[in-house]
Amino acid sequence: MRITPLLGLAAALATASARRSHLDSDDATPQSFVNTAVARTVELGGATSLVTTQYNAKALVDNPGAYVLALGGQGAPPPAWYEVLVGGKAVDGVEFGSLDGAPALSVPVGKLAKDAAVVISLTALTAHSSRPLPHEIGQRDPQYLLWETNSTLVDSAYKSDVERIKIRAPTPSILQHGNVPTTYTRDTDVTKSGSTLTLGPFYGVPPTIGGAGAADQAPFYVHYETTNPIVGIRSLKRAAEVSHWGGNLNIQDEIALFNDGPTLRGQFSRLAHQQSKFHATKPAQILTELTLRLPPTAHSVYYYDVIGNVSTSHFRPGQGASTASLTGRAPRVVDGTLEIKPRYPVLGGWNYSFTVGWDSPLSGALRVDAKTGRHVLAVPFLTGLKDVVVDDEELRIVLPDGATDVEVFTPFPVDAIEHSVHKTYLDTTGRPVVTITKALVTENHAQNVYVSYNYPLSAQLQKPLIVTGVVGVLLFVFIVLRRVDYNIASAAERKRK
Ligand SMILES: *[C@@H]1O[C@H](CO)[C@@H](O)[C@H](O)[C@H]1NC(C)=O
Ligand SMILES: *[C@@H]1O[C@H](CO)[C@@H](O)[C@H](O)[C@H]1NC(C)=O
Ligand SMILES: *[C@@H]1O[C@H](CO)[C@@H](O)[C@H](O)[C@H]1NC(C)=O
């Protein structure tokens, strides 16, 4: 069994596996832990599902080393986003890799004595794990999704004494679901209560991966109704441009949105659509509006598509942190909201591309380190939308002309970070540009990316000096022309006299 390093963790894993030699051997994972109880909840959505799992583990030996945490079974895609807590706290040194072809983490749990207990919790967001079934429906039909997994049981490298699984659908309308294997449970049936399915409890479950005598893993599915449109974003191109001069941070998003729900059978009827709006029976699969949360200080908001300005949008400004509250308590911060109403109802399989942008005061995003003079700029990676996956994002940060020694910090791994230079009108050395790309971006990635740079006073003065210079030259030319003109005019006048 091997941990295969990914995401450039090769070096880190090499030293880690030297420490935990069992991870690099072909033997089964040493059973240095046992799960005394495992509890999992799966919340099914549209484009994403949220899986939270709590592992109550017990060390079977002194100094058991890192806990190997399986993120899925063999061949399962890794989650789009995950977070691991040990005893309720974030820990350093969690490493991602693969174990027998299954995505896995190596989680440091500190020094443990034999029989000591530790609680590990995993929150994972999986992307595109449900698909429409049927994939073509009538305009007024309900929308059903099929969620499938290869692993009914929670995948683990260790034995589990008892295991409980709950699967929550967005509505109680569940058409069908799979059966659980009876090997580890006396209850052959899945219990349904409202929109929740309860599987198990399962007792004495052997390891499902990384060991000999693996448990009988079986597939499971849930066929459920969802009443919200399945919104996807194929690509999001965010440009963030800093103007020290104007004290402004401009953010502009080019969004290629699509409806990932079932496609429409037959023709779209605008009349039926109007009627359903009138009767407040919102058709699940038709996207008619979308609300973006903007920073509290956002202003000068714009929204346009290929045809032009979309006048049906509505912007509600937020309340900035600078607004003092009357009660003397901490000032209230309220996000701005932009309600977007696409020009046409976006049906299943349809695309809609648009651009939104706004300005906000640079003072809220930029800090200058008094000691080193370095500038640190915070740029939101994206404006998160609940249950929406961005398949490909590109964030382009354009720094001021003359900025140097650019460094980037991202709070999560990204696919690529590139540095380049962009030159425009009146620039001298050009503007450093940082381009960050990442696939499978979710609402949990709506965090700040930090860029630090030097911006010497000489560079800050460059632009005003150049502008002054250019204005001066223009003025001079103007004066000269005026003089020439005047001379010609006066010459003509003199001639006439
Ligand atoms: C199920 O297993 C197959 C074969 O290994 C794999 O291709 C697929 O991605 C797995 N599906 C999930 C949801 O893990
Ligand atoms: C665009 O539409 C908005 C309404 O959403 C309106 O307030 C704004 O003035 C329009 N802008 C232009 C340039 O027409
Ligand atoms: C939507 O856009 C994608 C990618 O650009 C394209 O492949 C697809 O054909 C488009 N769908 C429609 C209905 O235009």
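Just follow the structure's listing: the first ligand is 1, and inside any ligand the first atom is 1.
- The nearest protein heavy atom to atom 7 (O) of ligand 3 is not closer than 4.0 Å.
- Using bins of under 30°, 30° to 60° and over 60° for the plane-to-plane angle, the ring pair Tyr158/Tyr67 lands in the tilted bin.
- When Gln54, Glu163, Arg164 are each tested for a side-chain contact (heavy atoms from CB on, under 4.5 Å) with Val38, only one passes: Glu163.
- Listed by number with element, the atoms of ligand 1 under 4.0 angstrom from any heavy atom of Ala76 are 14 (O).
- Other residues, nucleotides and ligands contribute only 12 or fewer heavy atoms inside 6.0 Å of the NZ atom of Lys386.
- The shortest N/O to N/O separation between Gly75 and ligand 1 falls below 3.5 Å.
- The six-membered or imidazole ring of Tyr304 lies away from that of Phe354, with a centre-to-centre distance of 6.0 Å or more.
- Counting atoms of ligand 3 from 1 in the listed order, those under 4.0 Å from a heavy atom of Gly349 are 11 (N), 13 (C).
- Between His445 and Phe412, the ring centre distance stays below 6.0 Å.
- The protein non-hydrogen atom at the shortest distance from atom 13 (C) of ligand 1 is Glu148 O, 4.0 Å.
- The one candidate from Ile233, Thr291, Leu257, Thr442 that meets the side-chain contact (heavy atoms from CB on, under 4.5 Å) condition with Leu385 is Ile233.
- For ligand 1, the polar-atom distance check against Asn150 finds a nitrogen or oxygen pair separated by under 3.5 Å.
- Nearest protein heavy-atom neighbour of atom 5 (O) of ligand 1: Gln74 O, 3.8 Å.
- An N or O contact shorter than 3.5 Å links Asn351 to ligand 3 by distance.
- Contact annotation for atom 3 (C) of ligand 1: protein present (non-hydrogen atoms, distance under 4.0 Å).
- Within the 3.5 Å criterion, the main-chain N or O of Arg168 finds no donor-acceptor partner in the side chain of Thr196.
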